[in-house]
Amino acid sequence: MIGVRTRRTSIVLRGMVVFCFLVMCAGCVGIPDGVEAVKGFDVKRYLGTWYEVARLDHSFERGLTKVRTEYTLRDDGGIKVVNRGFDSRKNAWKEVTGKAYFVAGPDVGRLKVSFYGPFYGGYNILELDRKDYSYALVCGPSRKYLWILARERELEESVLAALIEKARGLGFDTDEFIFVEH
């Protein structure tokens, strides 16, 4: 009888672990409450090089300068993502390649991106220069992740201020922005 209980308990515990993992991963590709991704998105116009102008701090880019990302189409319909930044402490470039796929259709700026195997994170475009696709405000699955990207290494002060104000209005802690050196 004890062996049966132990086996059942083990099965239940494994099931709970799997369920929690799936719930956790589903949340990773989410979007913060009260935030919407842009609609009318055109991936072909978004492809190419983007420079990181500002970001909230997180471990995988900590200390990096000269950060840029290259987006290209993949054969499977997804997007190849190559992030590159300079680590001045190690005097070396750090580069990681990933893949991204649309979550809500190709005309909505909401994607899931993976750099490490089957694990995906949210990539949500909140604001976008509709005329030239020259700047973007992007967040992850929570308000802990936020980037201001641009086609050039710097943005006009008025555009930067407007993006910061939009992010602040959406509940992001813009006082914690790191402005990236290029």
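None of the values given here were measured: they were computed from a predicted structure.
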Under 4.5 Å between any side-chain heavy atoms of Phe102 and Phe41, yes or no?
yes

On a heavy-atom basis, the closest approach of Trp50 and Tyr46 is NE1-O, 2.8 Å

Working to the nearest 0.5 angstrom, can you tell me the gap between Arg68 CZ and Arg151 CZ?
13.0 Å

With Arg143 via side-chain hydrogen bond (donor to acceptor under 3.5 Å, both in side chains) - residues at least two apart:
none

Who are the side chain to side chain contact (heavy atoms under 4.5 Å, CB included) partners of Asp87, not counting sequence neighbours?
Leu64, Arg89, Lys90

If you round to the nearest 0.5 Å, how far is CG of Leu149 from CG of Leu155?
9.5 Å

Arg55 meets the side-chain hydrogen bond (donor to acceptor under 3.5 Å, both in side chains) criterion, sequence neighbours left out, with Glu52

Residue list, side chain to side chain contact (heavy atoms under 4.5 Å, CB included) with Ala100, at least two apart or on another chain:
Ile79, Val81, Leu111, Val113

Can you list the steps and then say if Ile148 with Phe179 is a side-chain contact (heavy atoms from CB on, under 4.5 Å)?
CA-CA 9 Å; Ile148 294 177; Phe179 294 91; 5.7 Å; no

What distance do Thr49 atom OG1 and Arg153 atom CZ have between them, rounded to the nearest 0.5 Å?
9.5 Å

Leu56, Leu160: one ILVMFWY side-chain cluster at the under-4.5 Å cut-off?
yes

Pairs touching residues 148-169 that satisfy ring pair (Phe, Tyr, Trp, His ring centres under 6.0 Å), sequence neighbours left out:
none

Would you name the heavy atoms of Phe172 and Ser142 that are closest together and state the gap between them?
CE2-O, 4.1 Å

Could you tell me whether a side-chain N or O of Arg110 sits under 3.5 Å from a main-chain N or O of Glu36, the two making a donor and an acceptor?
no

Residues, nucleotides or ligands: over 12 heavy atoms within 6.0 Å of Glu157 CD
no

What about Val180 and Phe177, same hydrophobic cluster or not, with Ile/Leu/Val/Met/Phe/Trp/Tyr joined at side-chain heavy-atom distances under 4.5 Å?
no

Is there a side-chain contact (heavy atoms from CB on, under 4.5 Å) between Asp57 and Arg62 once you walk through the steps?
CA-CA 6 Å; Asp57 188 34; Arg62 189 162 291 138; 3.1 Å; yes

Linking Ile, Leu, Val, Met, Phe, Trp and Tyr by side-chain heavy atoms under 4.5 Å, what else ends up with Val82?
none

Apart from Phe86 itself, what residues make up its hydrophobic cluster, given side-chain heavy atom links below 4.5 Å?
Trp93

For residues 133-141, dump all side-chain donor-acceptor pairs below 3.5 Å to protein atoms at least two apart in sequence or in another chain.
from, atom 1, to, atom 2, distance (Å)
Tyr133, OH, Asp42, N, 2.9
Ser134, OG, Asp129, OD2, 2.5

Side chains of Val38 and Val108, heavy atoms from C-beta outward: is any pair under 4.5 Å?
no

Are Ile178 and Phe60 connected into the same hydrophobic cluster when the rule is that any two of I, L, V, M, F, W, Y join if their side-chain heavy atoms are below 4.5 Å apart?
no

Side chains of Thr69 and Arg84: closer than 4.5 Å at any heavy-atom pair?
no

Pairs satisfying ring pair (Phe, Tyr, Trp, His ring centres under 6.0 Å), at least one member in residues 142-171, at least two apart:
His58-Tyr145, His58-Trp147

By side chain to side chain contact (heavy atoms under 4.5 Å, CB included), Thr72 pairs with (sequence neighbours left out) Glu70, Lys80

Is the backbone of Asn91 close enough, under 3.5 Å, to the side chain of Ser88 for a donor and an acceptor to pair up by distance?
no

Between Glu127 and Leu163, is the side-chain contact (heavy atoms from CB on, under 4.5 Å) condition met? List the steps.
CA-CA 8 Å; Glu127 186 68 40; Leu163 291 170; 3.7 Å; yes

Are Tyr71 and Val43 close enough that some pair of their side-chain heavy atoms sits under 4.5 Å apart?
no

Scan residues 170-182 for pairs that pass side chain to side chain donor-acceptor pair (under 3.5 Å), counting only residues two or more places apart or in two chains.
Arg168-Thr174

Before you tell me yes or no, could you show the steps for Tyr51 and Val67 under side-chain contact (heavy atoms from CB on, under 4.5 Å), namely the whole-Å CA-CA distance, both residues' side-chain angles and the distance that decides it to 0.1 Å?
CA-CA 6 Å; Tyr51 296 93; Val67 180; over 6 Å; no

Spacing of Glu165 atom CD and Leu170 atom CG [to the nearest 0.5 Å]
10.0 Å

Measure across Gly30 and Asn124 and return the closest heavy-atom pair with its distance rounded to 0.1 Å.
O-ND2, 3.1 Å

Residue set satisfying side chain to side chain contact (heavy atoms under 4.5 Å, CB included) with Asp76, at least two apart, ordered chain then number -> Arg74, Tyr101

